[in-house]
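By convention in this document, chain letters (A, B, ...) are assigned in the order of the sequence lines, proteins followed by strands, and residues within each chain are numbered from 1.
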There are 2 protein chains.
Amino acid sequence: MVIYFLEVLTTSNIYRALSDSTRKRILSLLAKEEKTQKQLVEYFKVSQPAINKQLKILKEEDLITERKSGRYRYYSLNRPVFSMAYQKMIEEIGQMLDQTLHGLKDFVESEEKEID
Amino acid sequence: MVIYFLEVLTTSNIYRALSDSTRKRILSLLAKEEKTQKQLVEYFKVSQPAINKQLKILKEEDLITERKSGRYRYYSLNRPVFSMAYQKMIEEIGQMLDQTLHGLKDFVESEEKEID
DNA sequence: TTAATATATAACTAAATGGTTATATATTTT
DNA sequence: AAAATATATAACCATTTAGTTATATATTAA
């Protein structure tokens with residue numbers, strides 16, 4: 001018998017991922033375009049192993065993807081996962097504030113009126 | 001000469017606050033109604049000093065407010081601050097995903113069409 | 001094939017985290 | 001005034017975190 005483990009999507013991990021400024025900046029960079037670990041190391045003022053560790057964490061959270069090419073590893077934002085986590089986050093916090101996504105839409109519309 | 005320090009509003013702290021499940025649950029409870037520390041301690045399976053510490057952290061982040069009455073301390077969600085942090089979060093991550101608040105509005109609308 | 005380069009890993013460190021128990025302080029109740 | 005109760009704090013602990021340096025491995029370039 002084969003037992004399948006279904007990864008339960010939680011938002012807690014994305015909060016953790018984003019709570020560190022290095023990781024947040026890495027995600028922000030990778031959102032623009034894929035980068036090698038080398039490029040990321042050059043960009044930040046921390047050591048290569050430090051970046052390697054953070055990338056490992058982000059990979060474990062499935063927030064980034066890795067593509068190997070020769071001696072390089074290219075990293076990019078895992079948009080579907082990140083986007084999904086984002087939406088869950090919005091819902092989760094929105095519920096605390098009694099604001100659903102649709103409530104937020106109304107909020108945006110009311111802001112638009114103020115600007116007009 | 002008087003020097004004023006202006007607290008720079010960042011979203012980093014809300015990620016940290018929400019990255020711990022106890023804190024997240026406290027915030028969620030306080031979003032519904034104010035509670036004394038005692039009530040929170042009864043609710044959770046952790047010690048009173050543990051809750052006291054988390055409340056201290058949330059107070060430092062200005063995400064909750066404290067009201068003293070007799071020997072009780074009443075805590076509630078600091079809605080303006082929490083709501084503002086929420087909006088900044090949405091903007092910050094939205095930018096990574098090339099989704100502004102207004103982009104999100106369109107997203108919600110397209111979802112509504114699917115449901116209809 | 002050797003040198004250079006990109007990444008991975010091991011071993012370590014200091015600080016932060018999230019909890020504990022014991023005890024002190026403040027306030028109310030009896 | 002004494003007992004009960006709510007909160008605060010001190011001292012401690014185990015684990016995690018985010019970094020470091022040194023070194024190993026994999027791949028490419030000379």
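For the OP1/OP2 pair of dG19(D) and a distance below 4.0 Å, the side-chain nitrogens and oxygens of Thr22(A) include at least one atom meeting the criterion. Side-chain N/O atoms of Gln37(A) include one lying less than 4.0 angstrom from OP1 or OP2 on dA8(C). Proximity of Asn52(A) to the phosphate of dA8(C): a side-chain N or O atom is located under 4.0 Å from OP1 or OP2. An OP1 or OP2 oxygen of dT27(D) is reached within less than 4.0 angstrom by a side-chain nitrogen or oxygen of Lys68(A). Checking the phosphate oxygens (OP1, OP2) of dA26(D), no side-chain nitrogen or oxygen of Arg73(A) falls inside 4.0 Å. The side chain of Lys53(B) contributes no N or O atom lying less than 4.0 Å from OP1 or OP2 of dT9(D). Contact between the side-chain N/O atoms of Lys56(A) and the OP1/OP2 oxygens of dT9(C) is found at a separation under 4.0 Å. Between Ser47(B) and dT20(C) there is a side-chain N or O to OP1 or OP2 distance below 4.0 Å. Of the side-chain N and O atoms in Arg23(B), one or more sit less than 4.0 angstrom from OP1 or OP2 of dG18(C). Between Arg16(A) and dT17(D), a side-chain N or O to OP1/OP2 separation shorter than 4.0 Å is present. Look at Gln39(B) and you won't find any side-chain N or O under 4.0 angstrom from OP1 or OP2 of dA6(D).
A continuous path of hydrophobic side-chain contacts links Leu58(A) to Phe44(A) [ILVMFWY only; heavy atoms under 4.5 Å].
The CD-C1' distance, from Glu42(A) to dT7(C), rounds to 13 Å in whole Å. Per the geometry, CG belonging to Leu18(B) stands 17 Å off C1' belonging to dG18(C), to the nearest Å. For the pair Gln54(B) CD and dG18(C) P, the interatomic distance rounds to 6 Å; values are reported in whole Å. The distance between atom OH of Tyr74(A) and atom P of dT7(C), rounded to the nearest whole Å, is 9 Å. Taking atom NZ of Lys45(B) as the reference point, atom P of dG18(C) lies 16 Å away to the nearest angstrom. The nearest whole Å value for the distance from the CZ atom in Arg71(A) to the C1' atom in dT25(D) is 13 Å. Between Leu40(A) atom CG and dA8(C) atom P there is a gap of 12 Å when expressed in whole angstrom units. If you take CG of Leu55(A) and C1' of dA6(C), they are 13 Å apart, rounded to a whole angstrom.
The side chain of Pro49(B) has dT9(D) as its nearest neighbour among dA10(C), dA8(D), dT9(D).
Not a single donor-acceptor pair under 3.5 Å links the side chain of Tyr74(B) to the backbone N or O of Thr65(B). A donor-acceptor distance shorter than 3.5 angstrom exists from the side chain of Arg79(B) to the backbone of Ala31(B), with no hydrogens or angles considered.
For the atom pair CG of Leu27(A) and CG of Asp20(A), the computed distance is 10.0 Å after rounding to the nearest 0.5 Å.
Between Lys59(B) and Glu61(B) there is no salt bridge, since none of the side-chain N atoms of the basic residue sits less than 4.0 Å from a carboxylate O of the acidic one. Ion pairing of Lys38(A) with Glu42(A) is present here, as a side-chain N (NZ or NE/NH1/NH2) and a carboxylate O approach within less than 4.0 Å.
If you check distances only, the side chain of Gln48(A) does reach the base of dA8(C) with a donor-acceptor pair under 3.5 Å.
Nearer to the 5' terminus of DNA chain D, by closest-nucleotide assignment, is the contact made by Ala50(A) (compared with the other of Gly70(A) and Ala50(A)).
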